[in-house]
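Have a look at the structure below before the remarks.
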Number of protein chains: 2
Amino acid sequence: MPSRKKPTIYDVAKSSGVSISTISRVLNSPDKVNPETHRRVMSSIDKLGFVPKAEARARAMRHANRIGVITPLFTAPSFVQRLRGVASALSKANYELVIYPVDSVEQLQGYISSIPIMQNVDGLIIMSLAIEDQDARRLHDNGMQTVLIEYSHPQLNSIEIDDAIGGQLAARHIIGKGHRQVAFLGEIESPEKYAIHPVKSRLQGFKNTLDEAGISLLKKYIKSAPYMQENSQRAALELLSMDQPPTAIFAAADIQAISIMKVARQLKLRIPDDLAVVGFDDIDIAEYMDLTTIRQYLDQSGRLAAEILLSHLADSDRALQHIKIPLTLIERQTA
Amino acid sequence: MPSRKKPTIYDVAKSSGVSISTISRVLNSPDKVNPETHRRVMSSIDKLGFVPKAEARARAMRHANRIGVITPLFTAPSFVQRLRGVASALSKANYELVIYPVDSVEQLQGYISSIPIMQNVDGLIIMSLAIEDQDARRLHDNGMQTVLIEYSHPQLNSIEIDDAIGGQLAARHIIGKGHRQVAFLGEIESPEKYAIHPVKSRLQGFKNTLDEAGISLLKKYIKSAPYMQENSQRAALELLSMDQPPTAIFAAADIQAISIMKVARQLKLRIPDDLAVVGFDDIDIAEYMDLTTIRQYLDQSGRLAAEILLSHLADSDRALQHIKIPLTLIERQTA
DNA sequence: TCGAAGTATGAAAGCATTTTCAGTCTAACA
DNA sequence: TGTTAGACTGAAAATGCTTTCATACTTCGA
């Protein structure tokens, strides 16, 4: 009895003895339908070869149930961990997650200019990327709900980290442990034009707090090196093989702290006795390494971004939110 | 004058003083409308920036250069690293990446049954998840190009890891180093019904190779523990505080190997002298830790999956591919 | 044992268009 | 001058879905 016509959800409903609402639910929010019903409906769908008409769907759908995340291409573990927060919040709310990985300015510009027009996504989360005023305005004017993470703009929601405070926390801790010979390692100058510069602020906060305590952060003790292991290790080696090596190093990222630890091990330095190390981020691995670090609640910041976005989608004239997430020093074994 | 909401044909109708039917006609059969009316309507359309929603979306939905990845919710670093491979291959090819994170059977079942029917992605990559025969058939029958990673099915493309060989490599290496007291740590029994069981194969290959060399892997030296740090550490502690502790441990995942190293450090055991550790995966952090491990080329397997998918999308009657990725032992400092 | 708090479902109200049908108006023809 | 065939147009129905709302049916404490 295969009818010549394309089957509609009414046909499926009849064939499986439920209402059309249930058919729709099976396809769109399967978690809301009884497994047994689901099974029955799916088997009818398969039997009839039902495919929902995209046009009818588009018409009836108020929103796309899809949000986009623009992010640097999985470079650092910290991005991933934030993404995990985003993903878990979205999947709970039955939203699809579209990733737009960025590895050049042009790409970023391309996404930002085409996304609002395409209307493929209901909202946008932009992670750790600097966006230009004009792009921010475009997003705003097109009514694209957006949350910026680690960056801010007056016309868009934002979640920021107080990097300077992070530097301060690290400095206080290191001072408290009695260190006087203190160093800093981080990727101070990022080569990418679209990148943000949290490391500078971390250094600033660190340096100022040391200054206030009468400890000077000598220029030779400030090393800039890219995240990559080789670079970080080389920089660490330079620091640690000086005539008067530092007794404590604050690394602007946990992975760099781990590089320092590796070099220290090779030099037979005991941590924290010969060398104290403080990281920044508190990525998963930090706990495995017993690394003392500044926690920036990565998962939670991602989750929060998603939640803010969803709440603004639900109620579009909600006031803009500019949130600063607090930082905490997590004391473990390395400092 | 950017209006908040997208204009509909009602807005155009109002603005140009005609009925919606006429707007529709202007768009679909212009010959049936008075030239003067046509002109007026067109000018309203331009002014409002009206775009027929359904069509725009239907077009956007249809062949959007979009591929989906179904993956366990970022639990282990190894998933993330594979994902990175996928992302980089796709972004090069100008494809959008939609993530479907799974954390329950129901969710997996939901995605996997609706995606092939909804057809809102062009292709699908399913990472490290077991799928049922019926679902595989549905994917195939609905013409959804699919690549399975760490699992296989005769009707779908697949990329597999030879886990047993991995165990064998680890065993050979450990034997070569002269160890006789050998242990295994891994999450042998996964609690999730949808999970796959590569750990069993790793253990199997490990055990068999030891057997062949006349070394028996005693039952008490086989520990099953979840990936989570606390569990792995407890298991490691149990192993290492036995009367006759093992002198070498093969961990079925790098993060578990790292947990072992942490416990060993606490017990003041020197690695590799007192205890040799071999991991599995070769995640990024393994290099930082100088961990000897079995490399499974995570990035590359992800990239390969994406490439296979793209080539099948370009030419849909390409033959199915079932690929086994080779493993390599990477010797570093821990064994 | 009762009420409270969920689950699972169907009826019905959208959604943004297209299409049908019927009416008005004009122009042309007898 | 009365008819009438077009040419335009609008009201309303149809389209194939999604979503809201109400309701019946389960648990689940206490």
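Order of the sequence lines sets the chain letters (A, B, ...), proteins ahead of strands, with each chain counted from 1.
A straight line from NZ of Lys32(A) to C1' of dG10(C) spans 15 Å, rounded to a whole angstrom. Regarding Asn34(A), its CG atom lies at a distance of 10 Å from the P atom of dT27(D), rounded to whole Å. The distance from atom CZ of Arg40(B) to atom P of dC8(D) is 14 Å, rounded to the nearest whole Å. Remark: C1' of dT7(C) and CD of Glu106(B) are 14 Å apart, rounded to the nearest angstrom.
Partner of Ile126(A) under the side chain to side chain contact (heavy atoms under 4.5 Å, CB included) criterion, out of Val69(A), Ile131(A), Asp135(A): Ile131(A) alone.
Remark: the backbone N or O of Met144(A) is paired with a side-chain donor or acceptor of Thr146(A) at under 3.5 angstrom.
In summary, the side chains of Arg40(B) and Asn34(B) do not present any donor paired with an acceptor at a separation below 3.5 Å, with no hydrogens or angles considered.
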Just by protein heavy atoms under 4.0 Å, how would nucleotides 12-18 of chain D read 5' to 3' in B, S and -? B--BBBB
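Atoms CD1 and CZ, from Ile325(A) and Arg295(A) in turn, are 12.5 Å apart once rounded to the nearest 0.5 Å.
Look at Thr22(B) and you'll find a side-chain N or O under 4.0 angstrom from OP1 or OP2 of dG10(D). The side chain of Thr37(A) places no N or O atom within less than 4.0 Å of a non-bridging phosphate oxygen (OP1 or OP2) of dA8(C).
Sparse packing is recorded around NZ of Lys32(A), with 12 or fewer heavy atoms of other residues, nucleotides or ligands lying under 6.0 Å away.
Inter-residue side-chain proximity for Ile115(B) and Ile70(B) is flagged as met; some heavy-atom pair is nearer than 4.5 Å.
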